[in-house]
Amino acid sequence: MFSIPFLTVPPLRAARGTVRLPGSKSISNRVLLLAGLSEGTTVVRDLLDSDDTRVMLDALRALGCGVAAQGPDWHITGLGGQLSTKTADLFLGNAGTAMRPLTAALAVLAATQQGTFELKGIPRMHERPIGDLVDALRQLGCPIDYLGNEGYPPLRLRPGSAPLDTSAPIRVRGDVSSQFLTALLLGLPLVSDAGPVTIEVEGELTSKPYIEITLNLLARFGILVRRDGWARFTIPQGSRYRSPGDIHVEGDASSASYFVALGAIAAHGGRAVRIEGVGDDSIQGDIRFVDAARAMGADVTSGPGWLEVRRGAWPLKAIDLDCNHIPDAAMTLAVMALFAEGTTRLTNIASWRVKETDRIAAMATELRKLGARVVEGADFIEVAAPERWSAASIHTYDDHRIAMCFSLAAFNPLARPAGHVPVRILDPRCVGKTFPDYFEALFDVVEADSADVPVLTIDGPTASGKGTLASAVAIALGYHFLDSGALYRATALAAMQAGVTDTDEAGLARVAAGLQLKFTGHQIWLAGVEVSDDLRQEHVGAMASRVSTFPSVRDALKALQLSHRRVPGLVADGRDMGTVIFPGADLKVFVTASAAVRAERRHKQLISKGIPANIDSLRADLEARDLRDQSRTVAPLKPAEDAKLFDNSQLTVDQCVAQVLEWWEAKQAF
Ligand SMILES: Nc1ncnc2c1ncn2[C@@H]1O[C@H](COP(=O)(O)OP(=O)(O)OP(=O)(O)O)[C@@H](O)[C@H]1O
Ligand SMILES: Nc1ccn([C@H]2C[C@H](O)[C@@H](COP(=O)(O)O)O2)c(=O)n1
């Protein structure tokens, strides 16, 4: 997951490959609650690992349920309808799928079994209405207090003084959020002993497919709700939650929408995007996003548990669609509209206004930043493609769906008229709500022109701190990191292992060309063996310096270095990154420090690793290395003409990083 302040996605051109979706959020949190209310243990497979499921798991733990991870599976041992903990304060973040159903279930448990529970969340959760659900529960006789503003969390659920009254139908509004009805359907089987419990929906029920998920999962847990149209639901007398023993969570159909759109926009020229985890057998309403995408031009084939998407009509076709059945995935249509001919009109989306943020206002504001022409109304949005694209910094409002759907705007070079601008996603970590590795999954299947992938080079002499600096800058920007010295060191080590001497240019070039090198995080593997520490040894560095003087060795390593230029960007450190390997780099930095400071830093570094070292001989070695690196005929160590020079002898690492990021920001289009 990218836990950084912003992530800049460069202009993208194509997509192909396979994406495995994380589990559905809606199914995950419903299954967790049902398992928590059931008797016995339920094994939940492929549960979504996200902010929203984490708060639900924490809540179940706090309520006394057994919650244990076993490999990728979760084992939930439920309460069997009996409170084991009578008081708890539950923090539910911004998870509507936790707040609403837990409110219903715990309100009736507190009322009937003398419990007291407080439910709260982040500030935005305290702005999301819950009054209609509370009113419905109060009809039963559940004592519920608002601890902040009337109609909104936080809430206190208290013991009741009289038995709950289930004789009359419970009325609930259905036109604000279907989660209120879902919450009642999940919680009220707990009070069905005295007779059937009937729920009547007032107003037009919004997001009906989510109710279908609820009914489907209740059935899996032994509760067969009778439904008269979408206005009246009856829970049979004596309903009991029965664990199915083992339950699989299918992939998230709303998350699939980004990759369906990706295929429709960018899988051209024989390419396809395959989506695994959700398919034509899905129980999720958002699978019907596929129909909307087809109407816009997507070419989608499907089977059980998979979808495959290619570009069909191009440019995409504008649509006029009632999106009540796909409220979450419909946001993706608004971004697809940027690639369509004509104006796309999405209607019946009033529920967007009470989601993680006011999504109609947010989408309109952010789409306009890109240049789109947008009209918004109380329950609709109209979007037409930009006449001219602008580089935009997209505010994400702590809303995962805004972050994910706007990433697709980076394909603006494919639009008509074409753009050629990066798209900056602010606070990309917000995707943690449903799809923590969304950007990693996206970057795995997208293609950009190499020249469009930003590169920042940091060159300098040994022990100047360029590796430390480059790695920190790469982390701050979410970019890849290339320690090019490691390639020369690996060549040196492999040559020593193969008995190739430092004067045998042809032999060394063969070793360099055949390097089997792999980088995993901070580890480096040579021919399947981890060599990260071996490469840092002084004698390996000295041999690397000698090896690197040969032109054929440098040539042999060039393609490998260039291959690190991948979306979303690269920070590369070495001696010739700015002069030879990436001469067109967007920013070049040449970092130095006095020999005395560098010897001291290297001394500290070695001692801290338990490697004995002498500061004077370290200084002599590094001065000899400087001389060799600077005086060789090919790619000598020297600043590029357009490099920013930087003596960091008196600066901390943080100050160096801040300086480079400031230079980088000054070059950006935002
Ligand atoms: N600005 C700084 N202030 C203090 N110490 C630093 C600073 N920058 C780096 N260091 C420390 O100096 C040591 C050498 O840094 P680093 O390995 O990044 O240098 P390098 O130039 O990449 O070296 P090499 O070329 O040998 O790989 C490390 O222990 C690092 O923590
Ligand atoms: N781009 C590069 C990177 C490294 N080298 C050579 C010269 C160095 O002395 C040696 C080890 O590099 P270090 O890990 O210390 O950065 O590799 C080079 O010629 N060009």
Side-chain angles (χ1 to χ4, degrees), residues 457-474 481-493 495 502 508 512 522 524 531-532 534-551 553-558 560-562 564 571-583 585 588-609 611 613 618 621-638 640 646-660:
T457 60
I458 302 184
D459 287 306
T462 191
S464 56
K466 61 189 179 305
T468 307
L469 174 58
S471 156
V473 170
F481 165 55
L482 167 63
D483 167 11
S484 62
L487 309 192
Y488 290 93
R489 287 172 184 263
T491 305
L493 183 63
D502 62 3
L508 291 168
H522 286 292
I524 305 175
V531 293
S532 322
D534 298 346
L535 293 186
R536 297 312 309 171
Q537 293 190 38
E538 285 304 290
H539 71 284
V540 177
M543 169 89 165
S545 171
R546 294 194 292 278
V547 160
S548 66
T549 57
F550 295 117
V553 171
R554 304 197 74 83
D555 279 352
L557 293 176
K558 189 165 181 182
L560 183 55
Q561 294 173 78
L562 292 175
H564 282 76
V571 183
D573 92 71
R575 304 293 187 284
D576 61 344
M577 295 296 97
T579 49
V580 176
I581 305 296
F582 300 110
K588 299 174 187 177
V589 176
F590 191 87
V591 58
T592 54
S594 69
V597 167
R598 288 189 285 135
E600 204 179 300
R601 286 179 186 168
R602 181 67 87 220
H603 185 253
K604 258 198 210 150
Q605 190 179 24
L606 292 172
I607 297 295
S608 73
K609 286 187 181 163
I611 304 171
L618 282 174
D621 284 351
L622 69 82
E623 283 175 334
R625 180 115 69 101
D626 286 354
L627 191 62
R628 191 163 44 238
D629 291 349
Q630 284 160 351
S631 58
R632 67 187 179 216
T633 49
V634 280
L637 167 66
K638 64 170 188 189
F646 187 25
D647 185 323
N648 71 9
S649 305
Q650 303 304 322
L651 298 178
T652 64
V653 174
D654 286 349
Q655 286 170 323
C656 297
V657 173
Q659 173 62 85
V660 173

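Just follow the structure's listing: the first ligand is 1, and inside any ligand the first atom is 1. We number each residue from 1, following the sequence as shown.
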### Query
Are any of the N or O atoms of Asp483 closer than 3.5 Å to those of ligand 2?
no
### Amino acids contacting ligand 1, non-hydrogen cut-off under 4.0 Å
Pro461, Thr462, Ala463, Ser464, Gly465, Lys466, Gly467, Thr468, Arg489, Arg536, Arg575, Arg601, Arg602, Gln605, Leu651, Thr652, Val653, Cys656
#### Entry: Numbering as shown, the atoms of ligand 2 that approach Lys466 to under 4.0 Å (heavy-atom distance)
16 (O)
### Side-chain donor or acceptor of Ser532 paired with backbone N/O of Ile524 under 3.5 Å
yes
### Query
Would you find a donor on one side and an acceptor on the other, under 3.5 Å apart, between the side chain of Arg489 and the backbone of Val540?
no
#### Entry: Sub-3.5 Å N/O-N/O distance, Asp576 and ligand 2
yes
#### Entry: Residue part near ligand 2, for Ser548, under 4.0 Å between non-hydrogen atoms
side chain
### Task
Check for a donor-acceptor pair, side chain of Lys588 on one end and backbone N or O of Gly578 on the other, with a separation under 3.5 Å.
yes
### Summary
Looking only at protein heavy atoms, what sits closest to atom 17 (O) of ligand 2 is Tyr488 CB, 3.4 Å
### Task
Could you see which bit of Met543 sits under 4.0 Å from ligand 2, with heavy atoms only: side chain, backbone, both or neither?
neither
### Summary
Taking only non-hydrogen atoms of Arg632 and a 4.0 Å limit, the atoms of ligand 2 in range are 18 (C), 19 (O), 20 (N)
### ligand 2 atoms in contact with Met577 (distance to a heavy atom under 4.0 Å)
1 (N)
### Task
Could you list which atoms of ligand 2 come closer than 4.0 Å to a heavy atom of Gly574?
1 (N), 3 (C)
### Message
Using modelled atom types and a 3.5 Å cut-off, is there a donor and acceptor pairing between side-chain atoms of Arg575 and backbone atoms of Pro636?
### Response
no
### Query
Which ligand 2 atoms, with their elements, are less than 4.0 angstrom from a heavy-atom of Arg489?
11 (C), 13 (P), 14 (O), 15 (O)
### Message
Between ligand 2 and Arg575, is the shortest N or O to N or O distance under 3.5 Å?
### Response
yes
### Summary
For residues 459-468, the side chain to side chain donor-acceptor pair (under 3.5 Å) pairs (sequence neighbours left out) are Thr462-Arg602
### Task
Classify the contact between Arg628 and ligand 2 as side chain, backbone, both or neither, using a heavy-atom distance cut-off of under 4.0 Å.
neither
### Task
Examine the proximity of ligand 2 to Asp629 and report which part, side chain or backbone, both or neither, has a heavy atom under 4.0 Å away.
side chain
